**Q** 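Before we start, here is the structure in question, set down as structure tokens.
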Amino acid sequence: MTDPQLPLFAAEAAAPRVATGRPSAAPFAAWAATAEAVRATRARREKGRLVATYLASLDDPGGAVAARWFAGAPFAEADARTLRIGRATLWPALAALAGVERERIAERRLALGSTAAVAGELLAGRRGAGLSLGDVHWAFEAIAAARHAAGREALVRALLAAASGAEAGVLVALLGGGLRIGLLAAQVEDAIAAAAAVALDAVRDAHALSGDLGEVFRRARAGTLAETVFAIGRPVGFMLAQPKPTPDAVAAALDAPFVLEAKYDGIRAQLHVQDNAVRLFSRTREDLTPAFPDLVRAGRALGAGLVLDGEVIAVRPDDPARIAPFRHLQPRLGRTAPAAALLREIPVAFVAFDALAVGGERIALAPWRERRSALEEHVPLDVAAPIRLAPFRWASDAATVIEAFTAARATGHEGLVAKDPDASYAAGRRGGRWLKLKAAAATLDVVVTAAERGNGRRAAVLSDLTFAVRASDTDDTLLDVGKAYTGLTDAELVALTATLESLVRERRGGWQRVEPAVVLEVTFDLVQASPRHASGYALRFPRIVRWRMDKPVSEIDTLSRVRALAGDGWM
DNA sequence: CGATGTTGGCC
DNA sequence: ATTATGG
DNA sequence: CCATAATGGCCAACATCG
């Protein structure tokens with residue numbers, strides 16, 4: 001169907017891609033049917049079994065793409081390309097194909113909760129042209145390479161026109177950025193291990209190293225998983241920390257003595273130094289290098305064969321030893337060619353807290369103590385250097401954790417990370433060997449002023465709540481200060497929806513303004529000045545603590561309290 | 001040309 | 001990032 | 001305990017609009 005010619009490989013230079021073999025002629029319909037069967041069951045083992053059975057049935061090496069797609073994305077994590085397809089492209093394409101108005105799409109989207117479900121409904125009964133895995137693969141390649149939205153829409157339309165009704169639903173889900181069948185990378189790893197009869201650990205390790213489930217599947221079947229190489233310049237999966245609610249929980253979860261480090265409020269990054277070539281990668285393996293030429297310059301001085309794990313933070317221009325909050329770093333993110341003035345105004349540092357390779361040798365499997373020694377040999381302790389060593393301290397009890405936490409907060413850090421000194425680096429996993437502890441937040445009592453219907457499984461409830469505070473003790477004007485969607489149970493959301501429906505004042509699609517009567521207690525990590533809401537403030541990581549049925553609107557918090565909670569200056 | 005809309009990626 | 005949910 | 005879904009706020013890039 002699509003032309004497997006020139007544009008398909010045009011983007012190759014940007015990010016080296018791993019070959020997955022010749023495109024497969026295997027029917028896409030079987031993949032789509034498997035995805036639907038996975039969606040239909042909630043049993044995790046059954047989902048895994050379905051995927052494993054399907055993967056085992058593929059005899060064509062080009063079928064590797066099938067493994068990738070089950071994780072919900074059209075491309076591998078190691079692949080920097082995106083499709084740039086959203087509702088602006090999907091809705092007109094669907095409307096044209098189904099021969100209905102755009103309004104009808106919007107209406108059904110609201111009722112069904114996802115554009116994928118709308119596609120399945122509107123295109124139901126279509127026979128399809130017998131798409132193969134290879135056809136879909138080429139279509140994704142072509143869409144990613146298409147520069148203009150019109151070109152992408154034409155490609156999407158051609159793809160969907162060739163799809164059966166059953167295929168259209170999953171295709172739209174993949175195109176729109178999420179399969180949502182209750183299956184992600186971790187489950188696909190299980191299925192690959194089962195389908196190829198290899199050890200799960202080997203599959204996980206290969207995935208962490210390659211960032212491509214397609215390659216992992218192909219190698220698992222070829223018996224060459226162990227040949228997945230660690231290479232400097234190629235990002236590895238990050239080891240993540242598990243959240244803990246209290247210092248006691250941290251102390252209880254780790255054997256004494258354990259390690260405490262600051263939790264830096266920046267962006268996690270992996271620094272690769274290979275001769276003169278320095279690269280920085282994000283947690284999702286995006287290439288951050290272009291945004292940080294200052295760190296690249298500093299990295300060249302470290303010596304080759306190094307892979308460091310750490311955090312990029314903003315530092316104060318007047319004193320680079322002191323850290324700046326996350327909002328200062330934000331304008332430096334995503335830049336492809338940052339101006340010299342920006343580099344000056346917002347200086348950054350890479351705070352190294354782990355070493356995955358030194359002298360060209362992978363040391364990720366060694367315990368933290370040994371990795372830390374290696375790190376200290378390669379990174380200066382200088383607290384003002386652009387690439388600097390993260391300090392740490394030993395702790396054996398909760399009291400020490402509390403003390404370190406207080407000190408970290410006073411310095412401007414988010415909190416602490418606690419680590420097991422004997423643990424190896426668990427690439428790509430969030431295990432119990434690293435723990436994080438953040439600040440116990442203040443709460444605000446607010447009133448709901450507007451609500452919006454949710455997506456997917458929340459399509460039937462008003463799950464997205466906009467809330468306000470009073471202007472002052474003497475002025476009852478309500479000023480919006482944020483939105484939240486998490487914290488209430490499903491049952492509470494259902495009950496809340498009924499109440500909010502009785503309070504409707506104005507309705508626009510799935511959105512509605514309501515009489516201010518529902519009082520919520522909300523929490524957050526931070527209050528920040530923002531033009532987003534009428535109050536002039538917004539919340540970082542807002543979540544609902546509880547529905548305050550006992551509290552009248554006349555007693556909710558005021559703008560002055562919000563102002564008092566807002567971070568200001570360098571903190 | 002600047003403003004706006006869409007998408008993607010950080011936390 | 002976060003919380004709720006269910007295997 | 002683990003994996004997954006659904007979603008906040010900020011910001012940059014890029015295409016398109018006016």
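Chain identifiers are assigned alphabetically (A, B, ...) following the order of the sequence lines, protein sequences preceding nucleic acid strands; residue numbering begins at 1 within each chain. The shown structure was predicted, so the numbers you read here are calculated from the model rather than taken from an experiment.
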**Q** A:T336 side chain: which of D:dA13, D:dT4, D:dA12 is closest?
**A**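 Comparing D:dA13, D:dT4, D:dA12 against the side chain of A:T336, the answer is D:dA13.
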**Q** Give the rounded distance in Å between these two atoms: CZ of A:R332 and C1' of D:dA12.
**A**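 Rounded to the whole Å, the gap is 13 Å.
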**Q** For the pair made of CD1 in A:I346 and P in D:dC10, what is the distance, rounded to whole Å?
**A**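 Roughly 16 Å, once rounded to whole Å.
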**Q** Specify whether A:Y264 and A:F353 have parallel, tilted or perpendicular ring planes, treating 30° as the upper limit for parallel and 60° as the lower limit for perpendicular.
**A**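 Parallel: the ring planes of A:Y264 and A:F353 meet at under 30°.
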**Q** Throw together a table of side-chain donor-acceptor distances under 3.5 angstrom for residues 439-459 of chain A, partners on residues two or more places apart or in other chains.
**A**
from: A:T443; atom 1: OG1; to: A:E521; atom 2: OE2; distance (Å): 3.2
from: A:D445; atom 1: OD2; to: A:K551; atom 2: NZ; distance (Å): 2.6
from: A:T449; atom 1: OG1; to: A:T466; atom 2: O; distance (Å): 3.4
from: A:T449; atom 1: OG1; to: A:D480; atom 2: OD1; distance (Å): 2.9
from: A:R453; atom 1: NE; to: A:A459; atom 2: O; distance (Å): 2.9
from: A:N455; atom 1: OD1; to: A:R109; atom 2: NH2; distance (Å): 2.1
from: A:R458; atom 1: NH1; to: A:Y485; atom 2: O; distance (Å): 3.0

**Q** Under the side chain to side chain donor-acceptor pair (under 3.5 Å) rule, what pairs show up with a residue in residues 529-542 of chain A, not counting sequence neighbours?
**A**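 Only A:D265-A:R540 qualify under side chain to side chain donor-acceptor pair (under 3.5 Å).
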**Q** To the nearest angstrom, how far is A:L465 atom CG from D:dG9 atom C1'?
**A**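 Between C1' of D:dG9 and CG of A:L465: 16 Å.
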**Q** Under a 4.0 Å threshold between the charged nitrogen and the carboxylate oxygen, would A:R543 count as salt-bridged to A:D525?
**A**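 So A:D525 pairs with A:R543 through a salt bridge.
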**Q** Restricting to side-chain hydrogen bond (donor to acceptor under 3.5 Å, both in side chains), what partner residues turn up for A:T489, sequence neighbours left out?
**A**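 Per chain and number, A:T489 pairs via side-chain hydrogen bond (donor to acceptor under 3.5 Å, both in side chains) with A:E492.
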**Q** Would you classify A:G482 as touching base, sugar-phosphate or nothing, given that sugar-phosphate means primed atoms plus P, OP1 and OP2, and contacts are heavy atoms under 4.0 Å?
**A**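 The answer is sugar-phosphate, as A:G482 gets under 4.0 Å only of primed atoms, P, OP1 or OP2.
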**Q** Run the salt bridge (Lys or Arg N to Asp or Glu O under 4.0 Å) test against A:E286 and tell me which residues pass, sequence neighbours left out.
**A**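 By the salt bridge (Lys or Arg N to Asp or Glu O under 4.0 Å) rule, A:E286 matches no residue at all.
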**Q** What's the CZ-P distance between A:R429 and D:dC1, to the nearest Å?
**A**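 Rounding to the nearest Å, CZ of A:R429 and P of D:dC1 are 16 Å apart.
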**Q** Please list all pairs passing the side chain to side chain donor-acceptor pair (under 3.5 Å) test where one or both residues lie in residues 170-195 of chain A, with sequence neighbours left out.
**A**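 The answer is A:E189-A:H207, A:E189-A:R429.
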**Q** Residues in side-chain hydrogen bond (donor to acceptor under 3.5 Å, both in side chains) with A:E46, at least two apart?
**A**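 By the side-chain hydrogen bond (donor to acceptor under 3.5 Å, both in side chains) rule, A:E46 matches A:R49.
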**Q** Which two nucleotides bound the region of DNA chain B that has atoms under 4.0 Å from heavy atoms of chain A, read 5' to 3'?
**A**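 The contact span of chain A on DNA chain B goes from B:dT6 to B:dC11.
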**Q** With sequence neighbours excluded, what pairs up with A:R332 under the salt bridge (Lys or Arg N to Asp or Glu O under 4.0 Å) test?
**A**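 Here the qualifying residues are A:D294.
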**Q** Using nucleotides 16-18 of chain D, report all nitrogen or oxygen pairs with the protein that are shorter than 3.5 Å.
**A**
from: D:dT16; atom 1: OP2; to: A:H148; atom 2: ND1; distance (Å): 2.9

**Q** Hey, does A:I181 reach any base, or is it just sugar-phosphate, or nothing, if we go heavy atoms under 4.0 Å?
**A**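 Result for A:I181 = sugar-phosphate.
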**Q** Does A:E311 come within less than 4.0 Å of A:K263, counting only side-chain N to carboxylate O?
**A**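 So A:E311 does not pair with A:K263 through a salt bridge.
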**Q** Which whole-number value in Å describes the distance from A:L184 CG to D:dA6 C1'?
**A**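 Checked: the CG to C1' distance equals 12 Å.
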**Q** For A:E286, report the nucleic acid contact type (base, sugar-phosphate, nothing); a contact means any heavy atom under 4.0 Å.
**A**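 Here A:E286 touches the backbone only, sparing every base.
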**Q** Can you tell me the distance, in whole Å, between the CG atom of A:L435 and the P atom of D:dC2?
**A**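 So the two atoms are 11 Å apart, to the nearest Å.
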**Q** Applying a 4.0 Å non-hydrogen cut-off, can you work out what A:E311 is touching in the nucleic acid: base, sugar-phosphate, or nothing?
**A**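 Nothing: the residue A:E311, judged by heavy atoms under 4.0 Å, touches no strand.
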**Q** Output every pair passing side chain to side chain donor-acceptor pair (under 3.5 Å) with a member in residues 144-159 of chain A, not counting sequence neighbours, ordered by first then second residue.
**A**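 Pairs touching residues 144-159 of chain A that pass the test: none.
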**Q** Got a sec, which pairs hit side chain to side chain donor-acceptor pair (under 3.5 Å) with one end in residues 83-97 of chain A, sequence neighbours left out?
**A**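 Pairs touching residues 83-97 of chain A that pass the test: A:W91-A:T115.
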**Q** A:G432 near the nucleic acid: base, sugar-phosphate alone, or nothing, with a heavy-atom cut-off under 4.0 Å?
**A**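 Since no nucleic acid heavy atom lies under 4.0 Å of A:G432, the category is nothing.
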**Q** Hey, does A:R453 reach any base, or is it just sugar-phosphate, or nothing, if we go heavy atoms under 4.0 Å?
**A**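 The residue A:R453 makes no contact with any strand.
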**Q** Encode nucleotides 1-7 of chain C as B, S and - characters from 5' to 3', where the letter depends on protein heavy atoms closer than 4.0 Å: B to the base, S only to sugar-phosphate, - to neither.
**A** BBBSSBB
**Q** Rounding to an integer number of Å, can you tell me how far A:D190 CG sits from D:dC2 P?
**A**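 From A:D190 CG to D:dC2 P: 13 Å.
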